[in-house]
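Basis for what follows: all heavy atoms, side chains included, without hydrogens, waters or symmetry-related copies. Reminder, nothing fancy here: chain letters follow the sequence lines and each chain counts from 1.
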Number of protein chains: 2
Amino acid sequence: MKLTEAKEQFTQLWGALGSGWGINRTMAQVHALLLISEESLSTEDIMTQLSISRGNANMNLRELMNWNLVYKDIKAGERKEFFKAEKDIWEVAKRIARERKRREIQPLIASLNVLTDVDESNKEAKSFIQTVNNIHQVVTKMDAAVDTLIKVEENKFFGTIVKMFK
Amino acid sequence: MKLTEAKEQFTQLWGALGSGWGINRTMAQVHALLLISEESLSTEDIMTQLSISRGNANMNLRELMNWNLVYKDIKAGERKEFFKAEKDIWEVAKRIARERKRREIQPLIASLNVLTDVDESNKEAKSFIQTVNNIHQVVTKMDAAVDTLIKVEENKFFGTIVKMFK
DNA sequence: TTAATATTTCAATAAATCCTGAAAGTTTAA
DNA sequence: TTAAACTTTCAGGATTTATTGAAATATTAA
């Protein structure tokens, strides 16, 4: 396969993947493009390569920066801004996990707590509360598990072990 | 809070959550409704409680059955079909993980493999291949980690330990 | 076998989401 | 201070995705 073709396919693939996980396709494609570019790209580079408008490129770049997946890369003597992506995929995964935890899991846990404040105590209410508690428990444990994964490398002992496998 | 209100909010919450994760809102709401119902529900129950059409209810119920999250519950002497959800949330999580692995992660891994077949060998091509390999590696490891989690309870030794924490 | 009851399908429509492009805003070189 | 270069915003339009509802198909009681 030609490199150009492979890059093109990768961008498509990453975009399709994203849209299945609640990330908009273009944002994922912009991310893909930056992931496989050795050089930083300007907004215009991205517009050209993905055939998208300036507004769209700008919006998605900003959102990628909010997720800490992409940075501005100011070049000396250049007026334009350039962008580059974090290339370490493990780091990328951690940042996505961190962000989704913050944006979705933590509010979810808070809402679940509120829902157990039901002021009835018949069989039906008890069953409801139990289901909600059960969900609360599982979600909380998963949240904690993700934290452990994220932080494991910062831990002296486990960090060393994990690095051996990378 | 009143039970009715709490149930209503739970359904909303679960629906919003789903739509952020690539699952359509109504499907998640139908799931929520079944999760918190002690009794199995008929298509009409679901239509009424969520104010959705017959076609929509039917489609989403079928999809939930494809995911193994909901079953038909045939009642003796009843012509209608009733539906009930798997209530063990850990089991629910495992089934979702299993299904998404099968539908998305495994095809992704296969596609990534193909993309490293680039018939150029300059610096740019090498960098591209390295990025793709890096992604391949991380995705594969995560896939394996999820498998371990799913299977851990089937393991005599770890299974016992895990059950202690549940 | 019939007719009543249930379920499924799918074309048309509605709703949600995303993208465009031009105008407004900002920055910087001179 | 000006004007060119660049970035951001956002209303309107385009696209994608979800929903309706009625017709077709299937099932069952009698």
Which pairs count as salt bridge (Lys or Arg N to Asp or Glu O under 4.0 Å) when at least one residue sits in residues 9-21 of chain A, sequence neighbours excluded? none
The criterion is side-chain hydrogen bond (donor to acceptor under 3.5 Å, both in side chains); which residues satisfy it with B/Lys101, sequence neighbours excluded? B/Asp143, B/Asp147
B/Glu124: partners by salt bridge (Lys or Arg N to Asp or Glu O under 4.0 Å), with sequence neighbours left out: A/Lys7
Quick check: on DNA chain D, is the nucleotide nearest A/Glu81 upstream (toward 5') of the one nearest A/Ser19, or the reverse? Name the residue that is more 5'. A/Glu81
Verify the distance criterion only: is there a donor paired with an acceptor across the side chains of B/Asp45 and B/Ser42 at less than 3.5 Å? yes
In chain order, what residues pass the side-chain hydrogen bond (donor to acceptor under 3.5 Å, both in side chains) check against A/Lys72, with sequence neighbours excluded? A/Glu81
Those residues at least two apart in sequence (or on a different chain) that pass side-chain hydrogen bond (donor to acceptor under 3.5 Å, both in side chains) with A/Arg54 are A/Glu44
Among residues 34-64 of chain A, which contact DNA chain C at a heavy-atom distance under 4.0 Å? A/Ser51, A/Ile52, A/Ser53, A/Gly55, A/Asn56
For A/Asn68, which residues count as a side-chain hydrogen bond (donor to acceptor under 3.5 Å, both in side chains) partner, sequence neighbours excluded? none
Using a 4.0 Å cut-off to any heavy atom of chain A, which nucleotides of DNA chain C are the first and last in contact, reading 5' to 3'? C/dC18 to C/dT28
Which residues share a salt bridge (Lys or Arg N to Asp or Glu O under 4.0 Å) with A/Arg100, sequence neighbours left out: A/Glu104
Does A/Met27 have any side-chain contact (heavy atoms from CB on, under 4.5 Å) partners at least two apart in sequence or in another chain, and if so, which? A/Ile23, A/Asn24, A/Asn60, A/Glu63, A/Leu64, A/Trp67
Can you name the salt bridge (Lys or Arg N to Asp or Glu O under 4.0 Å) partners of B/Glu8, sequence neighbours left out? none
Using atom names, set out every protein N or O paired with an N or O of nucleotides 2-5 of chain D below 3.5 Å, distance rounded to 0.1 Å.
unit_1: D/dA5; atom_1: O4'; unit_2: A/Arg79; atom_2: NH1; d: 3.3
unit_1: D/dA5; atom_1: N3; unit_2: A/Arg79; atom_2: NH2; d: 3.3

